[in-house]
Structures are given as structure tokens and as C-alpha cells.
Amino acid sequence: MEKGKQLYEGKAKKVYETNDPNLYIVSYKDDATAFNGEKKGTIADKGVVNNIMSNLVFALLAESGVPTHLVRQLSDRDTLVKAVTILPLEVIIRNTAAGSFSKRYGVEEGTPLARPALEFSYKKDELGDPLINDDHILALELATEDDLARVKQYAHKVNEVMKAFFLDKGLKLIDFKIEFGKTPDGEIILADEVSPDTCRLWDVKTNEKMDKDRFRRDLGNVEETYQAVLKRVRA
Ligand code: UDP
């Protein structure tokens with residue numbers, strides 16, 4: 001499958017048309033941004049890590065009953081996916097307090113939550129992706145009631161499957177962000193990626209941060225950490 005016209009270039013990926021209107025190619029870059037694009041950099045071979053890791057996790061999720069956009073990996077950085085319209089929502093699930101949740105509610109990072117907490121952000125860069133609730137989503141017609149129910153059901157399933165998967169690799173799943181898309185026939189499927197860019201993963205024994213917080217917070221060993229995560233999830 002060959003890349004056609006470039007449809008989109010985001011912070012971490014490019015998306016291309018193919019000769020099949022139902023299929024796109026995503027190509028993962030090494031560019032890294034944080035704090036709504038304020039901090040920029042590159043992480044050598046991040047694109048390779050995120051592509052391979054995301055595909056591995058998506059394959060596992062598909063087996064577990066969560067439909068995904070994954071068709072097949074084409075190369076280290078390129079993957080063939082189903083063409084979807086992305087819902088303008090970031091779906092976040094938190095198992096442990098961290099990041100903006102800790103700040104917003106005054107809860108120390110690392111505090112376990114009594115139950116997984118799902119939240120939505122409205123994907124709108126110019127507004128800084130504000131927090132949004134179910135009523136707002138329906139009032140703004142960002143998704144239908146059925147779509148929203150599906151998204152939540154899948155998101156919790158993704159959490160259960162990933163928590164167990166990562167724990168088996170010695171990694172604690174603190175929180176993560178996922179995105180869903182709608183196929184031309186109206187099916188809601190998991191899209192975008194699952195990677196150290198989009199998950200907080202802490203070493204089970206040492207609580208060492210093994211994710212993009214190493215870049216966001218200048219903790220060092222960024223490249224090494226991405227490679228270490230890939231090695232663990234592949235093992
Ligand atoms: N996240 C993401 N993209 C975003 C914002 C958050 O992938 O634009 C992920 C982030 O890596 C973390 C989770 O979503 O795993 C929760 O992030 P949080 O809301 O705490 O925001 P942050 O502290 O990253 O700004």
C-alpha cells in the first residue's frame with residue numbers, strides 16, 4: 001500500500017490517503033510537544049516506539065472486543081488504518097492521581113483513586129483542550145447519546161485490559177488518553193494511539209516515571225525510557 005496525498009500533519013503523526021478511500025496511512029514522527037505546544041523537542045526514534053507499541057496494544061484490545069482502526073503495520077513508522085472521522089474528544093481514564101487532576105483537585109500525585117475516573121476534554125487547541133462533561137458534549141452535538149455510551153463502555157474496557165497487560169510488564173498504568181473515530185457506516189472504533197506519549201506508566205517497584213513526563217518535566221533519559229518501555233511491552 002502506497003502513501004497518497006497528505007491529509008493532515010499533527011504534533012506527532014502525519015496521515016496520508018491511500019488508493020482505497022476507506023484506508024489511511026499514519027506515519028509517526030519523533031517530534032514531541034507538551035503544554036499545548038509551548039514546549040517543543042524531538043525524541044530520537046519515538047515514532048518507531050509509539051508505532052510498534054500502539055499496534056501491539058491495539059491488537060490485544062481487538063482480541064478483547066474493542067474494535068480499533070488498526071489494519072496492519074507497514075514499516076517501523078507507518079501503519080495502515082481504517083479511515084475514520086475523529087470525535088473531537090480526548091477520553092482520559094485515571095487510576096491514580098497525577099498531572100492536571102492532582103493540580104485541579106489538590107490531590108498528591110500517586111494517590112490511588114477509589115475507582116477509575118473517566119473525563120473528557122474538548123479537542124480544540126485554541127482553547128487549550130478544556131474539560132467538558134456529558135451534557136456539554138450532547139448540547140454541542142459533539143457526539144450522539146449512543147456514541148457517548150459506546151465510548152465510555154470501550155474506554156473502561158481499554159483500561160481493564162491495559163492495566164493487566166502493563167502490570168504483567170512491571171508497569172503501573174496511572175492514567176491515559178485515547179481517542180475514538182466513526183467509520184463511514186457509523187461504527188465507533190478506537191483510533192489515534194496508545195504509547196508513552198499518551199499514557200502515564202510508572203515502574204511497579206520503583207515508581208520511576210516511564211512516559212512522556214520525562215520530557216515534560218526534564219527528568220532525563222527520555223530516549224532510553226521510550227526504548228525500555230518498548231522492550232518491556234514486546235517481551
Ligand atoms: N494526555 C495526552 N494528551 C493530551 C493531554 C493528556 O495524551 O493532550 C494524557 C497524558 O499523557 C496523561 C493523561 O492524558 O497520561 C492525563 O493527562 P493530564 O490531564 O494529567 O494532563 P497533563 O498533566 O499531561 O497536562
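For ligands, and for the atoms within them, numbers begin at 1 and follow the listed sequence. Quick caveat, the model's predicted, so the values are computed rather than measured.
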Is it true that R200 and D175 have a side-chain N and a carboxylate O under 4.0 angstrom from each other? yes
State whether R217 and E109 are salt-bridged, where the test is any N-O pair (Lys NZ or Arg NE/NH1/NH2 against Asp/Glu carboxylate O) under 4.0 Å. yes
Atom 25 (O) of ligand 1: protein heavy atom closer than 4.0 Å? no
Protein non-hydrogen atom below 4.0 angstrom of atom 12 (C) of ligand 1 present: yes
Give the residue and atom name of whichever protein heavy atom lies nearest to [atom], and the separation in Å to one decimal.
{"atom": "atom 10 (C) of ligand 1", "value": "R216 NH2, 3.5 Å"}
{"atom": "atom 15 (O) of ligand 1", "value": "D175 OD1, 2.6 Å"}
{"atom": "atom 18 (P) of ligand 1", "value": "S100 OG, 3.2 Å"}
{"atom": "atom 17 (O) of ligand 1", "value": "R200 NH1, 3.5 Å"}

Apply the test salt bridge (Lys or Arg N to Asp or Glu O under 4.0 Å) to residues R232 and D168: give CA-CA distance (whole Å), side-chain angles for both, the deciding distance (0.1 Å), then the verdict. CA-CA 9 Å; R232 286 202 199 188; D168 186 53; over 6 Å; no
Close approach, R94 and ligand 1, non-hydrogen under 4.0 angstrom: yes
Short list, please: which atoms of ligand 1 are under 4.0 Å from a heavy atom of D197? 7 (O), 11 (O)
Ligand-residue contact atoms, ligand 1 with G99, heavy atoms, under 4.0 Å: 20 (O), 23 (O)
Which one holds for S121 and ligand 1: side chain close, backbone close, both close, or neither close, with close meaning a heavy atom under 4.0 Å? neither
Would you say D203's side chain and T206's backbone share a donor-acceptor pair under 3.5 angstrom? yes
What is the minimum heavy-atom distance between L56 and R234, and which atoms define it? CD1-CG, 4.0 Å
Among E90, K11, K212, K177, which residue places a heavy atom closest to atom 14 (O) of ligand 1? K177
Counting only heavy atoms from other residues, nucleotides and ligands, does the tally under 6.0 Å from NZ of K169 exceed 12? yes
Share the residues that join I25 in a hydrophobic cluster, the rule being Ile, Leu, Val, Met, Phe, Trp or Tyr side chains under 4.5 Å apart at the heavy-atom level. M1, Y16, L23, V71, L74, L80
Pairwise side-chain contact, I92 with L118, heavy-atom cut-off 4.5 Å (strictly under): no
